[in-house]
Participant: 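To start, I am sharing the structure in question, which I have written as structure tokens.
By convention in this document, chain letters (A, B, ...) are assigned in the order of the sequence lines, proteins followed by strands, and residues within each chain are numbered from 1.
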2 protein chains.
Amino acid sequence: MGKCEQCIIRKFSSLRALNKEELIKISSCKTSRIVKKGEPLFEEGDHLKGVFCIREGACKLTKLSSNGKNHIVKFITKGDLLGQRSVISDESVNLSAVAVNDMEVCFIPRDEIMDSFRGNPDFSVEVVRDICYDLKNSDDVSVNMAQKNVKQRLADSLLYMHDTFGEDIDGFIKVQLSREEIAGMVGTATESLIRMLSEFSKKGLIEVKGKRIKISSILKIQNVSDGIM
Amino acid sequence: MGKCEQCIIRKFSSLRALNKEELIKISSCKTSRIVKKGEPLFEEGDHLKGVFCIREGACKLTKLSSNGKNHIVKFITKGDLLGQRSVISDESVNLSAVAVNDMEVCFIPRDEIMDSFRGNPDFSVEVVRDICYDLKNSDDVSVNMAQKNVKQRLADSLLYMHDTFGEDIDGFIKVQLSREEIAGMVGTATESLIRMLSEFSKKGLIEVKGKRIKISSILKIQNVSDGIM
DNA sequence: AAAAATATATGATATTTGTCATGTATTTCT
DNA sequence: AGAAATACATGACAAATATCATATATTTTT
């Protein structure tokens, strides 16, 4: 199995603040795992025994809403850490994590993380910074969800998907979600979402090929998001 | 000025994890301040030089949305700490804080907080726990905003106000917000909000006297929130 | 206390969004 | 390959919500 010290992935997460000894210690007790597309990493209410480090692939964090729909709160991709919140605050997880493509993840047991958190202030500051960033984002999302209409929210979701996954060689967003999943992310009925996708498509804002979506003009989509239509 | 060691307020916040020495040190450099209803404590984009500890009163955290409306994200009340996020992650604040009634706040300079954060793991764990709790809540709010309709969201806001401020002697929620403010919190037009308030009132779910609102049946409001109507 | 400004309320109407029905395309299973 | 299941698409309509107009109540100012 690979060694944490040499793993490039950690450079992108708060793990970068760990020193060599800590990395070696973690390396010796971490486990690695493959998660296939569609499989859950954990589910809402689970109690995590450690933190996941995403080496490859991506997953969606979802929450079952009271109306029975699955809402995608955010995506976690290569290089991200997952589960710190739950591990540090010692509470069950609030969201489910499901792979949106094949993933390779490392698992670092709770005790290792907590030792470093309590013993290495650089690491704890990094971790908190990450969580603060998530909180800021989440607050922004709340405001957008409350104040924007469905069309604006779809524009936001498209931009978020584009930011998170990037483009393939043809310029399509490098992730394939069902219409239902996108509807859940936007917070609308699947039929409404489908209609809006074709409206965007007709207006030349996007190009749709099956599940693949290409943003024709970032600027125009941004304008929709800002209510300039 | 009062001493932090003897301040009961700190018992309710992460400051409880501080030891006597730290408290004495903070006590010597903290400042106290009165903020009148309607006055801002800080504004979106400000760079905070420290953390606020709410000794008395409450404030709303708001964000200006792209459609020009002020959205109330949450309330901060007596005993809460404010600004940790911004101070620890060393970023400008994301939200404005405006007093909803007369407040008395203590101000603790950044360096003091950071020294304790880096030097006292018990404190840093407490702080992170607080922030994690906020994040969990914020994610929940996002989902509710996206998936619930306006009526359900109004029910949520009423319950939140009730939880946060409690009841006065007549059973009315102990805070007075304008219809516009409530509309901003719910994420709807002011006229729509007014209509729904009178609908709730007609149905006997709430009692309205000017700006004062009484929840007649928590259970019924909870049912509305859950879509059981 | 009167005038002005602001907040609340309500009707009429337009727009947005959701729901139901139904058909077609695509994927999955055997 | 064919059948079954699932996903996507679209029309028709209903319900929810926003907008505009206007009236009244309340608060603030003078």
Side-chain angles (χ1 to χ4, degrees), chain A residues 36-39 65-72 100-101 144-157 175-203 206-213 224-225 227 229, chain B residues 36-39 65-72 100-101 144-157 172 175-203 206-213 224-225 227-229:
Chain A
K36 291 263 177 190
K37 178 175 177 167
E39 284 180 6
S65 71
S66 61
N67 66 16
K69 285 184 186 167
N70 251 106
H71 182 88
I72 297 182
V100 293
N101 44 45
N144 285 342
M145 287 294 176
Q147 304 287 347
K148 291 185 174 184
N149 63 31
V150 176
K151 210 169 288 182
Q152 291 176 293
R153 300 205 303 261
L154 171 55
D156 284 343
S157 293
V175 67
Q176 301 203 6
L177 301 171
S178 70
R179 303 290 192 261
E180 196 181 350
E181 284 177 304
I182 301 176
M185 172 159 48
V186 172
T188 190
T190 307
E191 297 95 322
S192 298
L193 175 103
I194 290 171
R195 265 182 254 274
M196 261 169 220
L197 275 183
S198 32
E199 187 191 324
F200 278 22
S201 182
K202 269 177 207 144
K203 285 188 180 160
I206 61 175
E207 191 179 318
V208 180
K209 271 195 186 152
K211 282 194 171 31
R212 306 195 312 144
I213 299 172
V224 173
S225 158
M229 312 193 188
Chain B
K36 292 263 179 192
K37 178 174 177 168
E39 285 178 6
S65 71
S66 62
N67 65 15
K69 284 183 189 169
N70 250 106
H71 182 88
I72 297 182
V100 293
N101 44 44
N144 285 341
M145 287 294 176
Q147 303 287 347
K148 291 185 173 184
N149 63 29
V150 177
K151 210 168 287 183
Q152 291 175 294
R153 300 205 303 262
L154 172 55
D156 284 342
S157 294
F172 287 87
V175 68
Q176 301 202 5
L177 300 172
S178 70
R179 303 288 191 266
E180 196 181 349
E181 284 177 304
I182 302 175
M185 173 160 47
V186 172
T188 188
T190 306
E191 297 95 320
S192 299
L193 174 103
I194 290 172
R195 266 182 253 272
M196 261 169 220
L197 274 184
S198 33
E199 188 191 324
F200 278 22
S201 183
K202 269 177 205 140
K203 285 188 180 160
I206 61 174
E207 191 180 319
V208 180
K209 271 195 185 152
K211 282 194 170 37
R212 306 194 312 143
I213 299 172
V224 173
S225 158
I228 307 166
M229 312 196 189

Participant: Side-chain donor-acceptor pair under 3.5 Å between A:Lys148 and A:Ser225, yes or no?
Facilitator: yes
Participant: If you check every side-chain atom of A:Glu191, which of C:dC20, C:dT8, C:dT17 has the closest atom?
Facilitator: C:dC20
Participant: Taking all non-hydrogen atoms of both residues into account, name the closest pair between B:Met185 and B:Ser157 and its distance.
Facilitator: CG-OG, 3.6 Å
Participant: Regarding C:dT19, can its base be found pairing with the side chain of A:Arg195 as donor and acceptor, where the two atoms are less than 3.5 Å apart?
Facilitator: yes
Participant: Rounded to whole angstrom units, what separation is found between the NZ atom of B:Lys37 and the P atom of D:dT27?
Facilitator: 11 Å
Participant: Could you check whether B:Thr188 gets within reach of a base, just the sugar-phosphate, or nothing at all, counting any heavy atom under 4.0 Å?
Facilitator: sugar-phosphate
Participant: When you get a sec, tell me which of C:dT16, D:dT17, C:dG18 is the closest nucleotide to the side chain of A:Asn149?
Facilitator: C:dT16
Participant: Quick one: do A:Leu197 and A:Leu154 satisfy side chain to side chain contact (heavy atoms under 4.5 Å, CB included)? Show the steps, please.
Facilitator: CA-CA 9 Å; A:Leu197 275 183; A:Leu154 171 55; 4.3 Å; yes
Participant: Please pick, from D:dC8, C:dA9, D:dT17, the nucleotide with the shortest atom-to-atom distance to any side-chain atom of A:Lys211.
Facilitator: D:dC8
Participant: Within this structure, what is the CE-to-P distance between A:Met196 and D:dA9, rounded to whole angstrom?
Facilitator: 15 Å
Participant: Roughly how many Å is it from NZ in B:Lys209 to P in D:dA25, rounded to a whole number?
Facilitator: 18 Å
Participant: Taking only the side-chain nitrogens and oxygens of A:Ser198, find out if one of them lies under 4.0 Å from OP1 or OP2 of D:dT10.
Facilitator: yes
Participant: Let me know the distance between CG of A:Asn67 and C1' of C:dT19, rounded to the nearest Å.
Facilitator: 14 Å
Participant: Specify the separation, in whole Å, of atom CD of A:Gln176 and atom C1' of C:dT27.
Facilitator: 13 Å
Participant: Salt bridge (Lys or Arg N to Asp or Glu O under 4.0 Å) for B:Arg195 and B:Glu199? Distances and angles first, verdict last.
Facilitator: CA-CA 6 Å; B:Arg195 266 182 253 272; B:Glu199 188 191 324; over 6 Å; no
Participant: Specify the residue among A:Lys151 and B:Val208 whose closest nucleotide of DNA chain C lies further upstream toward the 5′ end.
Facilitator: B:Val208
Participant: Please assess A:His71 against A:Met145 for the test side chain to side chain contact (heavy atoms under 4.5 Å, CB included), listing each intermediate value before the final yes or no.
Facilitator: CA-CA 12 Å; A:His71 182 88; A:Met145 287 294 176; 4.1 Å; yes
Participant: Tell me: CZ of A:Phe200 to C1' of D:dA9, nearest whole Å?
Facilitator: 17 Å
Participant: Expressed as a whole number of angstroms, how long is the span from B:Glu199:CD to D:dA15:P?
Facilitator: 14 Å
Participant: Which nucleotide in the list D:dT10, C:dT10, D:dA18 gets nearest to the side chain of A:Ile194?
Facilitator: D:dT10
Participant: I need the NZ-P distance between B:Lys148 and C:dG18, as an integer number of Å.
Facilitator: 16 Å
Participant: Could you say whether B:Glu180 or A:Ser192 is positioned toward the 5' end of DNA chain C, judged by the nucleotide with the nearest heavy atom to each?
Facilitator: B:Glu180
